[in-house]
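What follows is a short report on a single structure.
Per chain, numbering begins at 1; letters A, B, ... match sequence-line order. When reading the values below, keep in mind they use all heavy atoms of this one structure, side chains included, and skip hydrogens, waters and symmetry mates.
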Amino acid sequence: MKSDFFNQVYEVVRLIPAGRVTSYGAIAKCLGSPQSSRMVGYAMNAAHGQQPPVPAHRVLNRIGMLTGKHHFNPPESMQTMLEAEGLTIINDQVQNFKNQFWDPAIELEF
DNA sequence: AAGGTGACAGTTT
DNA sequence: TAAACTGCCACCT
């Protein structure tokens, strides 16, 4: 059993609806550690091969930039998957990021 | 066992 | 205004 912290992150990420994106900080905050955003990113690093798969491509930094695309295989698949969900990505940045933002702290409570 | 790293974010200079 | 530093906590060497 991995650390529950990671499992929490995976669960939240899997709840992200298609066509929506969120930030590491939002997830970290939802878990109760708003300053532990790095841990969320690190959890994503271990998200490879998780069951069910974790849509890590829907998790971006606070500015909507595909910072972790380099960790995908191939890296360009991240942008491809996001575009397939209806998102517009230019220069590794999600357009209308604020409009597509999905805040777990709000959506989950709703 | 201890130190260093990291897919970030917020604050300060 | 932009750039740089610190904080955070688990994983890896």
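- Judged by distance alone, the side chain of N91(A) and the main-chain N or O of Q93(A) form no donor-acceptor pair under 3.5 Å.
- Atom CG of N45(A) and atom C1' of dC8(B) are 14 Å apart (whole Å).
- To the nearest angstrom, P of dC8(B) lies 14 Å from NZ of K69(A).
- Within 4.0 Å (heavy atoms only), H48(A) reaches at least one base atom of the nucleic acid.
- Listed nucleotides dC9(C), dA7(B), dC8(B) differ in distance to M44(A); the shortest reach to its side chain belongs to dA7(B).
- In this structure, R20(A) contributes its side chain and W102(A) its backbone to no donor-acceptor pair below 3.5 Å.
- With both ends at atom C1', the span from dA3(C) to dA7(B) equals 22 Å, rounded to whole Å.
- Taking atom CD on E76(A) and atom P on dA7(B), their separation rounds to 19 Å, with Å as the unit.
- The F6(A) side chain lies nearest to dC11(C) when the options are dA7(B), dC8(C), dC11(C).
- Within the 3.5 Å criterion, the main-chain N or O of H71(A) finds a donor-acceptor partner in the side chain of H48(A).
- Backbone-only contact: S23(A) has heavy atoms under 4.0 Å from sugar-phosphate atoms and none from a base.
- Heavy atoms of A28(A) sit nowhere under 4.0 angstrom from any nucleic acid atom.
- Taking only side-chain atoms of A56(A), from C-beta outward, the nucleotide of dA7(B), dC9(C), dA9(B) with the closest atom is dA7(B).
- For the pair H71(A) NE2 and dG6(B) C1', the interatomic distance rounds to 8 Å; values are reported in whole Å.
- Put simply, CG on D4(A) is 16 Å from P on dC9(C), counting in whole angstrom units.
- Here the P atom of nucleotide dC12(C) and the CE atom of M39(A) are 11 Å apart, to the nearest Å.
- Comparing atom distances between the R62(A) side chain and each of dG6(B), dG10(B), dA7(B) picks out dG10(B) as nearest.
- Side chain of Y10(A) to backbone of A43(A): a donor-acceptor contact under 3.5 angstrom is found.
- The side-chain heavy atoms of H70(A) and D92(A), taken from C-beta on, include no pair separated by under 4.5 Å.
- Side-chain atoms of S36(A) stay outside donor-acceptor range of the base of dC8(C), with no qualifying N/O pair under 3.5 Å.
- Among the nucleotides dA7(B), dC8(B), dC12(C), the one closest to the side chain of Y42(A) is dC12(C).
- The residue N61(A) sits close only to the backbone: its heavy atoms come under 4.0 Å of sugar-phosphate atoms, none of a base.
- Going from atom CD1 of I63(A) over to atom P of dG10(B) covers 12 Å, rounded to whole Å.
- Taking atom CZ of R38(A) as the reference point, atom P of dA7(B) lies 9 Å away to the nearest angstrom.
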